[in-house]
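What's counted below: heavy atoms across the whole structure, side chains too, no hydrogens, waters or symmetry copies. Since we're looking at a predicted model, the values are computed, not measured.
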Amino acid sequence: MASYFQDARLPQQRVVEGVAFPAVLVPSAPASVATGGVDEFLAAVRSERASRLEPLVRDAGALLLRGFPARTAADFDRAVDAFGYEELPYVGGAAPRTNVVGRVFTANESPPDQKIPFHHEMAQVPTFPSKLFFFCEVEPKSGGETPIVLSHHIYKRMKEKFPEFVEKLEKDGLIYTRVLGEGDDPSSPIGRGWQSTFLTKDKAVAEERAAKLGMKLEWTDDGVKTVMGPIPAVKWDENRGRKIWFNSMVAAHTGWKDARNDPVKAVTFGDGSPLPADVIAECGRILEEECAAVPWQHGDILLIDNWAVLHSRRSFEPPRRILASLCK
């Protein structure tokens, strides 16, 4: 039986160790997509998930589906469902987000002129998603890409360039510190207040949920200081048998900045000593150098394996609406 999907090449793709990154699939018969509609697309996802889609995600780390009939948030919700991954509740993450429909949320709602640095989703807490989906509901007027980069490749480059730094990182891990207000601050990329971070207005319940994450809370007059760690900054990807650069070090050190937070204090070595700013800056450069950034088109679905890939967001000219869904 002919496949509903076919491989495509885009100019922004990279080839890393012989594999196209991200993998890109388009409809094999574009005309029939228009008539078959979203139900046919979802049926194809279900029937070819194990044979075609998942092996691509495993090999490439990320898969872009382009030109399919998912056009709305509700279509996207159904598409995520068709992949069959279990939903992960967004507890402990830093980004301000809004639930749109079902298991679909807005992606980080921080202002368009701010870029969001590279990170693994929720690397600063022990329970993080293994897969994440992004969907383009409204394509940006300009900019606003979601650049992606292979984590094991960054680990290799950092290890070659800064062996002592990486050795200390592997030995000590990292401590992340963030000060949260009570409510959300939409002007900040890390502006999620403690009530929506822990999904409660009760301090005792927040304490309990923080403890489950291994997070310490220190209450202040108008909010709370959260201390997470030491937690590993380099992990072992069991599935692929390789070390990965699993942290939010560059993001925290350069981007966790608002009225409450000083990025230099946001992340330190696990022994409390500061991270060298020159190494962080160079890591940021390597991430940019190695990334693939495909401009969004309406209806794009990007599936990322959070064990393999870091992602970021470039600044943009509105409108732009990217939705997200996190899976266990």
Side-chain angles (χ1 to χ4, degrees), residues 16-17 21 61-62 92-95 115-130 132 147-179 189-190 210 213-216 225-257 261-291 304-313:
V16 182
E17 295 160 5
F21 174 74
K115 63 182 204 160
I116 297 167
F118 280 100
H119 59 287
H120 278 279
E121 192 61 34
M122 295 168 72
Q124 74 281 13
V125 288
T127 309
F128 50 84
S130 70
L132 35 143
I148 51 177
V149 69
L150 284 159
S151 194
H152 73 289
H153 202 53
I154 300 303
Y155 172 79
K156 263 190 220 163
R157 287 211 45 193
M158 288 297 288
K159 179 100 174 151
E160 278 162 19
K161 192 149 195 183
F162 303 108
E164 291 90 3
F165 172 81
V166 173
E167 198 177 311
K168 182 166 170 63
L169 202 57
E170 293 195 60
K171 183 169 74 69
D172 293 344
L174 291 170
I175 293 173
Y176 297 94
T177 304
R178 205 156 53 85
V179 182
I190 51 160
L213 296 171
M215 190 185 274
K216 297 187 252 328
K225 178 170 155 182
T226 65
V227 181
M228 185 73 226
I231 59 172
V234 171
K235 283 190 191 285
W236 177 254
D237 176 359
E238 201 75 45
N239 212 351
R240 298 173 181 86
R242 61 197 189 192
K243 283 185 174 180
I244 50 173
W245 192 250
F246 199 89
N247 60 68
S248 298
M249 180 176 85
V250 172
H253 200 272
T254 62
W256 286 16
K257 185 163 51 193
N261 290 275
D262 167 5
V264 175
K265 293 182 184 146
V267 60
T268 63
F269 280 118
D271 63 3
S273 60
L275 299 175
D278 58 327
V279 176
I280 305 273
E282 186 55 29
C283 183
R285 273 194 291 279
I286 291 170
L287 287 159
E288 282 298 335
E289 207 175 283
E290 297 290 348
C291 77
I304 292 176
D305 187 327
N306 197 34
W307 276 97
V309 171
L310 301 103
H311 66 281
S312 66
R313 184 196 81 183

**Asked** Can you check whether Phe21 reaches Leu150 side chain to side chain, under 4.5 Å on heavy atoms?
**Response** yes
**Request:** Over all heavy atoms of both residues, which pair between Pro230 and Asp172 is shortest? Give the atoms and the distance, please.
**Result:** CB-O, 3.6 Å
**Asked** Going from CD1 on Ile286 to CD1 on Ile154, what distance comes out if it is rounded to the nearest 0.5 angstrom?
**Response** 6.5 Å
**Message:** Quick check: do Lys159 and Glu170 have side-chain heavy atoms less than 4.5 Å from each other?
**Reply:** yes
**Request:** Sorted by first residue and then second, give each side-chain hydrogen bond (donor to acceptor under 3.5 Å, both in side chains) pair with at least one member in residues 244-256; sequence neighbours left out.
**Result:** none
**Message:** Quick test of your reading of the model: are Lys156 and Glu290 salt-bridged, counting only N-O distances below 4.0 Å?
**Reply:** no
Side-chain donor/acceptor pairs under 3.5 Å, residues 265-276, sequence neighbours excluded:
residue : atom : partner : partner atom : Å
Asp271  : OD1  : Ser273  : N            : 2.9
Asp271  : OD1  : Ser273  : OG           : 2.6
Asp271  : OD2  : Lys168  : NZ           : 2.6

**Fill in**
Rounding to 0.5 Å, atoms CD1 (Ile304) and CD (Glu121) come to a distance of 9.0 Å
**Item:** Sequence-distant partners of Glu238, salt bridge (charged side-chain N to carboxylate O under 4.0 Å, His left out), two or more places apart
**Value:** none
**Message:** Quick check against the 3.5 Å criterion: does Ser151 have a side-chain atom that pairs as donor or acceptor with the backbone of Leu310?
**Reply:** no
**Message:** Quick check against the 3.5 Å criterion: does Asp305 have a side-chain atom that pairs as donor or acceptor with the backbone of Gly61?
**Reply:** no
**Complete:** Heavy-atom nearest pair, Ile190 first then Arg178, reads O-NH1, 3.5 Å
**Complete:** All heavy atoms of Pro189 vs all of Gly255, minimum pair found to be CG-O, 3.8 Å
**Message:** In the structure I gave you, are the side-chain heavy atoms of Asp237 and His152 within less than 4.5 Å of one another anywhere?
**Reply:** no
**Atom pair CD1/CD of Ile175 and Gln124 - distance to nearest 0.5 Å** = 14.0 Å
**Asked** Any side-chain heavy-atom pair from Met122 and Thr127 closer than 4.5 angstrom?
**Response** no
**Prompt:** Take atom NZ in Lys235; do more than 12 heavy atoms of anything else shown fall under 6.0 Å from it?
**Reply:** yes
**Message:** With rounding to the nearest 0.5 angstrom, report the CG to NZ distance, Asn261 to Lys225.
**Reply:** 10.0 Å
**Item:** Residue pair Arg285, Glu282: steps toward the salt bridge (charged side-chain N to carboxylate O under 4.0 Å, His left out) verdict
**Value:** CA-CA 5 Å; Arg285 273 194 291 279; Glu282 186 55 29; 2.7 Å; yes
**Asked** Are Arg157 and Glu160 within salt-bridge range, i.e. N to O under 4.0 Å?
**Response** no
**Request:** Taking the side chain as every heavy atom from C-beta outward, state whether Pro126 and Met228 have any pair of such atoms under 4.5 Å apart.
**Result:** yes
**Prompt:** Any side-chain heavy atom of Met158 within less than 4.5 Å of one from Val234?
**Reply:** no
**Fill in**
Which of Phe128, Phe118, Tyr155 passes ring pair (Phe, Tyr, Trp, His ring centres under 6.0 Å) with Phe246? Answer is Phe128
**Request:** Any chance you could measure Met249, atom CE, to Tyr176, atom OH, to the nearest 0.5 Å?
**Result:** 8.0 Å
**Item:** Heavy-atom side-chain contact between Ser312 and Lys115 under 4.5 Å
**Value:** no
